[in-house]
Each structure stands twice: as C-alpha cells, then as structure tokens.
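So the structure is just underneath, and the comments pick up after that.
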Amino acid sequence: MFLRCGCCIIPKDVLERLLQDPTLPAKTRASLESTVAQESIWRRLRVAQGAAIQARLFTLESTTTLAKVPSITVNDCQNTTSLPGKPVANPGKSKDQTAKRAFDRTTDVVEFYKTCFGRNSIDDLGMTLMSSIHYDVNYNNAFWNGVHMTYGDGDGQLFLDFTRANDVVAHELAHGVTEYTSGFVYTNEAGGLNESMSDVFGSMFRQWQKNQTFSRADWLIGADIVGPAAKARGYKCLRDLADPGAKHCISPQPFRYKDYIPGGDPHDNSGIPNHAFYLAAKAIGGRSWEKAGKVWYAALTSRKATKNMKFKAFAKLTRVAAKTLFPSEPAVYSAIDKGWAGVGVS
Amino acid sequence: MERFIIERRGGIAGLKGRGEIAADELDENDRETLKSLFKGGRKLPRDEGADRYTYTVTRVSVSGSKTVEIPETLIPRALARCVKDQL
Ligand SMILES: [Zn+2]
C-alpha cells in the first residue's frame with residue numbers, strides 16, 4: 001500500500017520515521033526506502049521556486065521565463081494511484097477522450113489567463129502544466145497536489161469523468177495560481193479564500209468560454225460532472241455562486257460571514273467570498289472577467305496578499321484594486337463594496 | 001474484535017464519506033501500517049496541494065477507542081475503498 005507514496009507527496013520526515021519503524025513489514029520498508037531515494041530534484045526545485053516567489057525574494061522581472069507558451073502534458077495513471085502515470089503521446093489528438101479533454105481544456109485555461117490577465121501559466125513564467133488522468137478506480141475527485149492536476153473517472157453514478165467539466169479543470173489550475181501568488185494556506189479564512197479563488201476563476205473561465213454576460217451565466221460549479229444518480233435526486237452541481245445554500249448543490253455552503261464555520265472545510269467557507277464575487281459581478285453587469293475578475297486577480301496577485309489572510313483583509317485589497325484599475329469608474333468600487341457588504345464582510 | 005470507523009472529508013465536491021471495516025478483513029501489511037499510524041502523539045501533516053481527501057479513522061477495540069487523522073496519501077487503500085459517499 002505504501003507504493004502510493006511513490007508520488008513523493010509525503011513529507012520526508014514522515015517517510016523517514018515510518019522507514020525506521022521496526023514494526024512495519026520489510027516489504028513496506030523497502031518500498032518506502034525506494035520512495036525516499038527517488039524524491040526528485042525537480043520537485044524540490046519547483047517547491048523552492050514557489051516559496052521564493054511567495055516570499056517575494058525575487059521579482060518576476062528578474063526571473064527567467066521558462067517558455068512563452070507553457071507545454072501541456074497528459075499522463076495516464078491507468079486506473080492506479082501511481083502518480084504522475086505514463087505519458088500520453090500527442091494528447092491533443094488522442095482517441096482517449098479524457099486525455100484529449102484534459103489537454104484541450106488546459107490549453108484553453110492557459111489562453112484565458114493570458115488573454116484576460118496577461119498571465120503566463122500557473123507561475124507566470126511558462127511552467128509546464130501536467131495533468132494526470134484515469135487516477136484510481138471510480139475515483140470521485142480531482143485534485144492539485146502542489147505540482148500537477150489529477151482527475152478521476154468518477155463512478156458513473158454520482159459523478160462523471162472529472163475532465164468533462166471545464167470549470168473543474170480551471171478550478172484545479174487556479175489552485176496552482178494561488179500557490180504561486182498569495183500562497184493562501186488551506187485552513188481557516190485563508191483556506192476559504194483559497195477554495196473560493198478556484199471556484200471564482202473556474203466559473204469565470206466557463207463564462208469566458210461561452211462569452212456569457214452576467215445574466216446568461218449559470219454560476220454553477222461542476223454541473224457537467226453530476227452523474228445520473230445525483231441528478232435523479234435533484235442535484236445540479238457541486239456549488240452555486242449565485243445561491244450557495246441551494247438544495248440543488250451537492251455541497252451547500254454558508255454565504256454570510258455570520259455563518260462562517262470555525263475550523264470548517266475550506267469547501268464550506270468558500271461560499272462567503274464566492275457569493276461576494278457573484279454580487280459584485282451582478283452590480284457591475286456585463287462580462288464578469290472584464291471588471292470584477294480583473295479586480296479579484298489584482299487582489300490575489302497583490303504583494304499585499306498574504307498566506308494567512310482573512311476575508312476582511314482580502315476585501316480591502318479588492319477595494320484598493322477597484323480604485324486603482326478603474327479610477328474613472330466609481331461604480332466598480334461601489335459594486336465591489338456592495339458585494340462584500342452583501343455577505344457581511346465590511 | 002478490533003474495527004476501524006472511517007470518516008472522509010475534503011475533495012473538490014466537499015462531499016463527506018463514511019465506512020467501517022474489521023481489522024481481520026485487512027491484510028497484515030495494512031494492519032501493521034495502521035498500527036504505525038496510530039502510534040505516536042504527533043499529528044500527521046496534511047497532504048500538499050488542494051482538494052485532497054482527509055480521513056478521520058477511529059480504532060475501536062475492547063480496550064477503548066482512539067482516533068487519528070490520516071491524509072489521503074497515507075491511508076491504506078482497503079480503508080479508502082470501504083468509504084461510501086454520503087449524499
Ligand atoms: Zn479546490
């Protein structure tokens with residue numbers, strides 16, 4: 001079972017502690033030993049680079065761009081939990097629709113960030129974007145492991161293949177962007193902000209792909225992966241930025257600050273900043289990525305965004321960004337202010 | 001008889017899950033791994049990244065019960081597999 005550690009996510013000290021545990025069978029310890037030995041240098045370099053960017057030890061201007069356009073790769077886990085899996089040749093032309101979707105959607109998310117926000121990949125330096133598909137058997141999840149995106153096939157009942165949802169792909173990539181910018185931790189209010197950034201940019205990407213205005217957008221997350229058994233019970237999505245507490249959400253959320261859950265799952269508390277964004281975009285009108293999205297992006301990538309940030313401090317950054325980016329449009333500032341006031345964050 | 005009660009949270013869906021398995025349904029490797037994970041007072045670090053599952057596992061035996069939080073990358077697959085989504 002410890003072969004799962006081959007993905008090198010487990011902290012070295014934990015691996016070493018388990019390695020020295022005489023109660024573990026020899027086979028398990030041998031597997032662990034191999035994992036420790038194989039911890040790749042590139043991963044450590046990438047983690048160090050991310051930490052340096054977050055710590056603002058060097059500016060992007062002084063850092064060499066890796067590529068003008070990031071490479072996009074897809075790996076097939078072949079229904080195992082071994083990451084990253086076997087490389088898929090020419091994923092954009094693959095007969096495996098999951099591989100093709102992972103490639104195409106990731107390509108489109110790259111274009112979204114480039115066109116709307118002038119960002120070059122997750123790290124703004126053209127970092128290669130790797131997606132692992134067919135993870136595990138009937139795996140009802142997708143995740144970002146600090147290095148790349150991973151997608152399950154779903155069980156076909158509650159959930160369908162997670163690459164089917166363009167907003168899910170954008171959600172996972174946004175976790176990477178957050179990691180390389182504000183570095184919001186995954187607990188408390190910062191955890192809620194971390195999850196919210198992924199939903200907000202995920203929903204915006206979905207709208208951008210369809211060129212939808214505020215009123216045409218569905219504001220749902222994960223509508224395209226809801227399986228027949230979940231639909232039969234009235235579920236339409238994972239979350240809804242317009243109505244976070246709705247019964248049609250598989251994961252209904254609180255959306256007023258007074259209902260914030262101390263120590264709660266980031267997927268619960270993200271409902272509050274999610275709805276603030278929705279209300280701000282509603283008050284502005286038009287296409288969400290043109291104004292509200294630019295304000296949110298400026299706040300997320302601001303040097304003043306910090307890893308343990310609270311909702312109130314992030315809201316302040318968005319207000320500052322609204323004034324800076326749209327000095328001749330006070331309505332944008334008012335809309336942003338209205339958005340946060342609407343969820344009780346003032 | 002010793003058994004394990006597993007509660008799962010996290011994941012992009014934020015959908016909770018629950019399962020239960022008897023110790024004698026596990027192979028020796030998994031039993032020893034769990035013994036090691038239950039040993040020691042230090043909290044196991046969470047997995048890096050986002051949308052990973054976290055498991056709260058309670059070991060129940062005649063001598064009492066003990067609960068530990070186990071990240072997705074460390075949970076024995078037999079335990080992860082017995083968890084059912086709670087919709
Ligand atoms: Zn997420």
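A note on names: the letters A, B, ... follow the listed sequences, proteins ahead of strands, and every chain is numbered from 1. This structure is a prediction, so every number in the text was calculated from the model and none was measured.
Contacts of L160(A) classified as side chain to side chain contact (heavy atoms under 4.5 Å, CB included), with partners at least two apart in sequence or in another chain: R164(A), P228(A). In this structure, the side chain to side chain contact (heavy atoms under 4.5 Å, CB included) partners of A174(A), at least two apart in sequence or on a different chain, are Y113(A), S198(A), F201(A).
Heavy atoms of A229(A) lying under 4.5 Å from chain B are absent altogether. Heavy-atom distances place no part of Q253(A) under 4.5 Å from chain B, backbone and side chain included.
Not a single donor-acceptor pair under 3.5 Å links the side chain of R77(B) to the backbone N or O of T81(A). With N141(A) contributing its side chain and A13(B) its backbone, the two residues share no donor-acceptor pair below 3.5 Å. Side chain of Y186(A) to backbone of D51(B): a donor-acceptor contact under 3.5 angstrom is found.
Counting heavy-atom pairs closer than 4.5 Å to chain A, the top residue among P71(B), A78(B), G17(B), G14(B) is G14(B). Residue with the most contacts toward chain B among V137(A), D199(A), N140(A): N140(A) (heavy-atom pairs, distance under 4.5 Å).
If you check the side chains of N145(A) and D47(B), you find no donor sitting under 3.5 Å from an acceptor.
Residues of residues 263-274 of chain A lying within less than 4.5 angstrom of chain B, judged on heavy atoms, are D265(A), H267(A), D268(A) in numerical order. Of residues 55-69 of chain B, no residue lies under 4.5 Å from chain A by any heavy-atom pair.
One distance of note links CG of D85(B) with CD of Q157(A); it measures 11.5 Å at 0.5 Å rounding. For the atom pair CG of L15(B) and CG of L238(A), the computed distance is 9.0 Å after rounding to the nearest 0.5 Å.
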| query | side chain to side chain contact (heavy atoms under 4.5 Å, CB included) between R239(A) and I12(B): does it pass, once the steps are laid out? | reply | CA-CA 10 Å; R239(A) 291 177 286 278; I12(B) 186 176; 3.9 Å; yes
| request: List the steps, then state whether salt bridge (Lys or Arg N to Asp or Glu O under 4.0 Å) holds for R81(B) with D136(A). | output: CA-CA 10 Å; R81(B) 289 205 178 288; D136(A) 206 349; 3.0 Å; yes
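Taking each heavy atom of W144(A) and R52(B) in turn, the nearest pair found is O-CD, 4.3 Å.
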